[in-house]
Amino acid sequence: MDDPCEQSFVENQDTCEVLFAYHDRTKHHFNRQARSLGYMDWANQPNPFRYYEGARQTKLDVHRQPRPLPYHRLYEQDALPAQPLNLESLGDFFRYSLALSAWKECGSSRWALRINPSSGNLHPTEAYALLPPLSGVSDAPTLCHYVSEPHALERRASLSKEVWQHLTNLLPDGSFLLGLSSILWREAWKYGERAFRYCQHDIGHALAALRFSAVLCGWDLKLVQGWSTVDVAMLLGLDRSDECIDEEREEAELLCIVGPGLASQDELVFVPPVEGIRHQIRDAAWHGRANRLSKEHVPWPVIDEVANATAMPKDTRFADSRNDIQSPIAHAARDVDARTIISQRRSCLGLDGRSTLSLTAFLRMLWRTMPGPHAPWDAVCWRPCIHLVLFVHRVIGLQPGVYAFVRDHTKLDVLRRVMRPDFVWQSPAGVDSDCPLYLLREADCRDAARTLSCQQDIASDGFFSLGMLADFAEPIRRHGPWFYRNLFWEAGVIGQVLYLEAEAASARSTGIGCFFDDAVHDVLGLTDNQFQSLYHFTVGMPVEDRRLQTWPPYGSDA
Ligand SMILES: Cc1cc2nc3c(=O)[nH]c(=O)nc-3n(C[C@H](O)[C@H](O)[C@H](O)COP(=O)(O)O)c2cc1C
């Protein structure tokens, strides 16, 4: 093979096959779940909090009452004037995105919940901020690790002003960099091979949570393009193998720019570090060592394989243009403060199986998942690839049945072609014809929804549940294997929007990572990996578990 372009295309194809094989082998089937330990190894349950032992800690304020904002304005551009970048605003930023939201207690068990949800409450996502010199942190540019338990920043590295200048040269004042990583072991401890998928969902939820929180600070948040996974790992210090045990290493996921006035800058120039700058970052003063999370570990080699296969190569850009929609959303009459909604978000443990949802509220939730030039969708810089397949149980004015909400109208024809030929694809009566909601089949689909979501009652006892159907093989082949992660992130962002929307409607929701993949595809008539369901979700009226006690996240008054 002489042509180097052709060679790289073929390598790309091979790597795609690695991740397609990973995706297939981590499907749950009726008679066989994806490989995991098969029991709960409580003795090795990972510590949910990562600390860098020996790193100096700066506590952030948990008592501040930042500026109010009606919930619906979270989805508006420039909803609040920009706050200056300082310890107070950083405290607000993390407080309403990744901080603790409550402590729960049941018998002798006690566990923390956070603003962002996480599969199994295992919280593999870690966050880092690269800050300019800042009063109260350091007079040098500093890489900090955020720890939610004390709501604090740990000082990981002090960098030179030259490095800071090189990296942020063309960014507006008051900007900083934010990086996310996954501790793959945290999820693998419980879920085995399927864990990599859940880590990626969690990144999507965290990305949306951070984007909403940035709105509260008057900031924008944009994904950085063109940096390789290796470079992100280097910048966040995740490749410093002697400062973390190998089994608990963090996989670099993404890098964002956070700050004021970024929305107006179409092409943010943010070049990857040149060799000299890389050396300076590696040779900087690094502080602390990652705490050990478990005594013993079980290796899951396919997770390392898929992580390698989906790493972002150098100089990669998203070539797609998004198809932003101005959605005709009617605001809810009851508009609570955004911080109240964000802080009260919880997963439902049970749903009542009888309450109903108005059609207006249902459509509002769906429209919120549409891409637009506002939070959180302005942080998702690719054309939407996820469509919703809805199992509607109790929405006033809609026949119970299976529906499709097509988030990219250019995909309508192909979806009609590949799904079951007997689906009717009708616009429901009472729904505006501009709305891409289609009835596929009238049916009482409560049993099917429960069965497909690993027999979980929450999928049948709500107003509706849904599967997030991703345009899968072709975009991954076109963009590259790394786009596998982005598909899960998009699903996680949709999930975070639905979590908040459910709270705003005085209801509750839950992400559902456990579902029988190919059984879902069979029901829809899908026979290959052109489309794949990546994530399920349910929304309904919660039934509280009265055995659980709830405590505030940071002492009595926070
Ligand atoms: C990706 C993902 C998958 C999840 N899958 C399930 C599930 O299959 N069943 C379930 O009951 N909860 C599921 N959850 C909900 C989590 O268990 C919940 O987020 C976690 O316990 C923390 O609770 P909180 O959301 O109330 O903060 C999932 C959450 C996420 C983010």
Side-chain angles (χ1 to χ4, degrees), residues 26-28 33-34 36 40 45 48 96-106 109-125 148 180 182 184 186-191 194-209 253 341-351 386 449-462 465-468 470 485 487-500 502-503 507-517 520 533-540 542-545 548 550-551 553:
T26 55
K27 287 178 173 172
H28 287 326
Q33 296 256 321
S36 69
M40 298 298 288
Q45 182 176 15
Y96 294 99
S97 53
L98 304 180
L100 303 190
S101 58
W103 283 92
K104 290 275 173 183
E105 210 172 292
C106 185
S109 305
R110 187 175 153 83
W111 64 95
L113 296 181
R114 303 193 199 183
I115 298 290
N116 55 319
S118 166
S119 183
N121 202 27
L122 295 163
H123 288 286
T125 310
S148 59
L180 295 182
S182 299
L184 303 171
R186 280 223 182 97
E187 288 285 323
W189 165 75
K190 181 171 178 188
Y191 295 112
R194 199 169 161 99
F196 184 77
R197 298 175 174 213
Y198 296 152
C199 290
Q200 302 309 317
H201 283 130
D202 281 12
I203 290 289
H205 280 284
L207 179 63
E253 300 286 5
I341 299 287
I342 287 173
S343 309
Q344 76 179 37
R345 183 214 62 79
R346 296 278 185 286
S347 293
C348 58
L349 302 174
L351 294 170
I386 306 258
R450 181 195 307 111
T451 306
L452 293 174
S453 287
C454 293
Q455 311 288 357
Q456 300 185 76
D457 289 338
I458 49 172
S460 58
D461 288 348
S465 62
L466 60 89
M468 299 190 199
R485 299 192 194 195
L487 291 177
F488 284 90
W489 299 351
E490 186 179 331
V493 174
I494 293 175
Q496 193 65 14
V497 168
L498 291 174
Y499 263 119
L500 298 191
E503 299 293 336
R508 191 138 278 178
S509 58
T510 293
I512 300 182
C514 187
F515 55 90
F516 298 117
D517 304 63
V520 179
S533 189
L534 296 189
Y535 191 21
H536 283 204
F537 219 84
T538 187
V539 182
V543 189
E544 294 306 328
D545 185 340
L548 298 185
T550 305
W551 304 99

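Start at 1 and go down the list; that is how both ligands and their atoms are numbered.
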- Message: Could you walk me through whether Ser36 and Lys190 satisfy the side-chain hydrogen bond (donor to acceptor under 3.5 Å, both in side chains) test, starting with their C-alpha distance in whole Å, then the side-chain angles of each, then the deciding distance to 0.1 Å, before giving a yes or no?
- Response: CA-CA 7 Å; Ser36 69; Lys190 181 171 178 188; over 6 Å; no
- Message: Could you work out, with ring pair (Phe, Tyr, Trp, His ring centres under 6.0 Å) as the rule, every residue matching Tyr499, not counting sequence neighbours?
- Response: His205, Phe537
- Task: Identify, with sequence neighbours excluded, every residue that meets salt bridge (Lys or Arg N to Asp or Glu O under 4.0 Å) alongside Lys27.
- Result: Asp24, Asp518
- Task: Answer yes or no: does atom CH2 of Trp551 have more than 12 heavy-atom neighbours from other residues, nucleotides or ligands under 6.0 Å?
- Result: no
- Pocket residues of ligand 1, ordered first by chain and then by residue number (heavy-atom cut-off under 4.0 Å): Leu113, Arg114, Pro117, Ser118, Ser119, Gly120, Asn121, His201, Asp202, His205, Arg345, Arg346, Ser347, Gln456, Ile458, Tyr499, Thr510, Gly511, Ile512, Gly513, Cys514, Tyr535
- With sequence neighbours excluded, residues passing ring pair (Phe, Tyr, Trp, His ring centres under 6.0 Å) with Phe488: His201, Tyr484
- Val543 to Leu351 - nearest heavy-atom pair and separation: CG2-C, 3.5 Å
